[in-house]
Undergrad: 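One structure coming up, written as structure tokens, with questions to follow.
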Amino acid sequence: MLCIRCICSRNIQTGSLKEMKKENASLYWTVALFLALSTICVTANKLYRSYNVEAGIAGVADDKCEVAYRQCKAINVQLSASPGLLVPNTKIGEVYGTADYTLSFDITPTGTINDYGSILHFTTDNNCCNFGQRSPAIWFHQGTTRLYVAIGDSTDGNWRLDTDALPLNVRTKITLECKGKNVKLTVGAKVYTATQPTYRFAGNLVVYAGDPWYPPAKAVISNLLYKILPPAEANAAVTSQRRYMSNLQ
């Protein structure tokens, strides 16, 4: 249930909505807006739960996830990765991940190694390839600065995108946006898009910047941000409600 706590500075006398508007137009629109926003929150929460239940995603009833969507806003998690060279087996935090999210960070490659170079790894408990173990996980390919971006789903725990090589000793902004079946990876000025076959993991994740299973990439990362997004269905409901309120005015 969505709990709504409202404190009014005056008593509202009984009567029709029309009479309330005549008495105090400001109070009327305040109440109307509050009720509309409450409707949006309820709709977004129901749609989010329905989306995950239909997909068969476990853990959607977790309190952290429920609270986030009751508030009808995204969660921004600034992870504790200090700017500097990546170090192996470095846990930088824990997040409650959802199927729809944005991950962004800056990276400056300083060299290459003869193995996959670990950059970031969001995992339930291990390297690969059970559901949730690469949600996502990012490396440089062997001997190059091409990105290997694994975004596991329910049928392929290592479903991924690859990129062109990043320039050495130049800071590049990376943004990964996963929303519904749409996946968009922005690397500097270049954009890679793909359609993911099935749904992604939702649940508790441990985050490494330099994971325990591969040597760290020769790179410096900074400005690491993980942002939970409401599902596409909830966004459509919010847009529709905004148009409705605009028409009322």
Undergrad: Heavy-atom count check: over 12 atoms from other residues, nucleotides or ligands less than 6.0 Å from R171 CZ?
TA: no

Undergrad: Between OH of Y208 and CG of L120, what distance do you get to the nearest 0.5 Å?
TA: 13.0 Å

Undergrad: Under a 3.5 Å threshold, yes or no: a donor from one side chain and an acceptor from the other, between D125 and Q133?
TA: yes

Undergrad: Between K184 and V191, is any pair of side-chain heavy atoms under 4.5 Å apart?
TA: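 Side-chain contact under 4.5 Å: yes.
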
Undergrad: Got a donor-acceptor contact below 3.5 angstrom from the N114 side chain to the G143 backbone?
TA: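 Such a contact is absent between N114 side chain and G143 backbone.
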
Undergrad: Mind listing the closest non-hydrogen atom pair of L229 and C178 along with its distance?
TA: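 Nearest heavy atoms, L229 then C178: CD1-O, 4.4 Å.
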
Undergrad: Kindly determine whether N204 and E94 satisfy side chain to side chain contact (heavy atoms under 4.5 Å, CB included), including the steps that lead there.
TA: CA-CA 7 Å; N204 294 315; E94 297 179 2; over 6 Å; no

Undergrad: Within a strict 4.5 Å, meaning less than it, do heavy atoms of the I174 and L185 side chains meet?
TA: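 SC-SC contact between I174 and L185 confirmed.
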
Undergrad: Can you name the closest pair of heavy atoms from L205 and G132 and give their distance?
TA: CD2-O, 3.6 Å

Undergrad: Say you draw a straight line from OG1 of T172 to NZ of K190; how long is it, rounded to the nearest 0.5 Å?
TA: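 T172 atom OG1 to K190 atom NZ measures 13.0 Å (nearest 0.5 Å).
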
Undergrad: Considering only heavy atoms from C-beta outward, does the side chain of Y148 approach that of N158 to under 4.5 Å?
TA: yes

Undergrad: Kindly say whether D211 contributes a backbone atom to a donor-acceptor pair with the side chain of S118 at under 3.5 angstrom?
TA: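 Answer holds: yes.
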
Undergrad: Do you know which two heavy atoms are closest between P215 and D115, and how far apart they sit?
TA: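 Distance-wise, the nearest heavy atoms are CD-OD2, 3.6 Å.
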
Undergrad: Can you measure from CD (E177) to OG1 (T102) and round to the nearest 0.5 angstrom?
TA: 4.5 Å

Undergrad: Indicate if Y214 and L86 have the same hydrophobic cluster label, given that clusters are the connected sets of ILVMFWY residues with side-chain heavy-atom separations under 4.5 angstrom.
TA: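 Unlinked, Y214 and L86 end up in two clusters.
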
Undergrad: Taking the side chain as every heavy atom from C-beta outward, state whether R200 and S135 have any atom pair closer than 4.5 Å.
TA: no

Undergrad: Quick check on the hydrophobic clustering: are L224 and I151 connected, directly or via other members, by side-chain heavy-atom contacts under 4.5 Å?
TA: yes

Undergrad: For a quick test of reading the model, state the closest non-hydrogen atom pair linking A202 to A99 and the distance between them.
TA: CB-N, 4.2 Å

Undergrad: Starting at CG of L166, measure out to CZ of F140 and round the result to the nearest 0.5 Å.
TA: 5.5 Å

Undergrad: Between H141 and Y116, what is the ring plane arrangement, given parallel below 30°, perpendicular above 60°, and tilted in between?
TA: tilted

Undergrad: Keeping the roles fixed (side chain from T175, backbone from S104), state whether a donor-acceptor pair exists under 3.5 Å.
TA: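 Pair absent, no side-chain N/O of T175 close to backbone of S104.
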
Undergrad: Rounded to the nearest 0.5 Å, what separation is found between the CG atom of L147 and the CZ atom of R160?
TA: 12.0 Å

Undergrad: Would you indicate whether the side-chain heavy atoms of T193 and N182 approach each other to under 4.5 Å?
TA: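 Heavy-atom side-chain distance check fails, nothing below 4.5 Å.
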
Undergrad: Please tell me if the side chains of N223 and F105 come closer than 4.5 Å, counting only heavy atoms from C-beta onward.
TA: no

Undergrad: Against Y192, only a single residue in T186, L176, D164 fulfils side chain to side chain contact (heavy atoms under 4.5 Å, CB included); can you say which?
TA: D164

Undergrad: When the aromatic ring centroids of F131 and Y199 are compared, is their separation below 6.0 Å?
TA: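 Yes, the ring centres sit under 6.0 Å apart.
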
Undergrad: Using the rule that two of Ile, Leu, Val, Met, Phe, Trp, Tyr join whenever any of their side-chain heavy atoms come within less than 4.5 Å, decide whether W213 and I119 are in one cluster.
TA: no

Undergrad: What's the shortest heavy-atom distance between I221 and A209, and which atoms?
TA: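 So the minimum-distance heavy-atom pair works out to CD1-CB, 4.0 Å.
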
Undergrad: Answer with yes or no whether the side chains of T155 and D153 bring together a donor and an acceptor at under 3.5 Å.
TA: yes

Undergrad: Taking a hydrophobic cluster as the set of Ile, Leu, Val, Met, Phe, Trp and Tyr residues connected by side-chain heavy atoms closer than 4.5 Å, whether directly or through intermediates, do F201 and Y101 fall within one such cluster?
TA: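 In one cluster with F201: Y101, yes.
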
Undergrad: Check whether I228 and F122 end up in the same hydrophobic cluster, where Ile, Leu, Val, Met, Phe, Trp and Tyr are linked by side-chain heavy atoms less than 4.5 Å apart.
TA: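 I228 and F122: one cluster.
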
Undergrad: Taking the side chain as everything from C-beta on, heavy atoms only, tell me whether W139 gets closer than 4.5 Å to H121.
TA: yes

Undergrad: Which pair of non-hydrogen atoms, one from T110 and one from N169, has the smallest distance, and what is that distance?
TA: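 Heavy-atom minimum between the residues: CA-OD1, 3.8 Å.
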
Undergrad: Side chains of V149 and V183: closer than 4.5 Å at any heavy-atom pair?
TA: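 The answer is no; the side chains never approach within 4.5 Å.
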
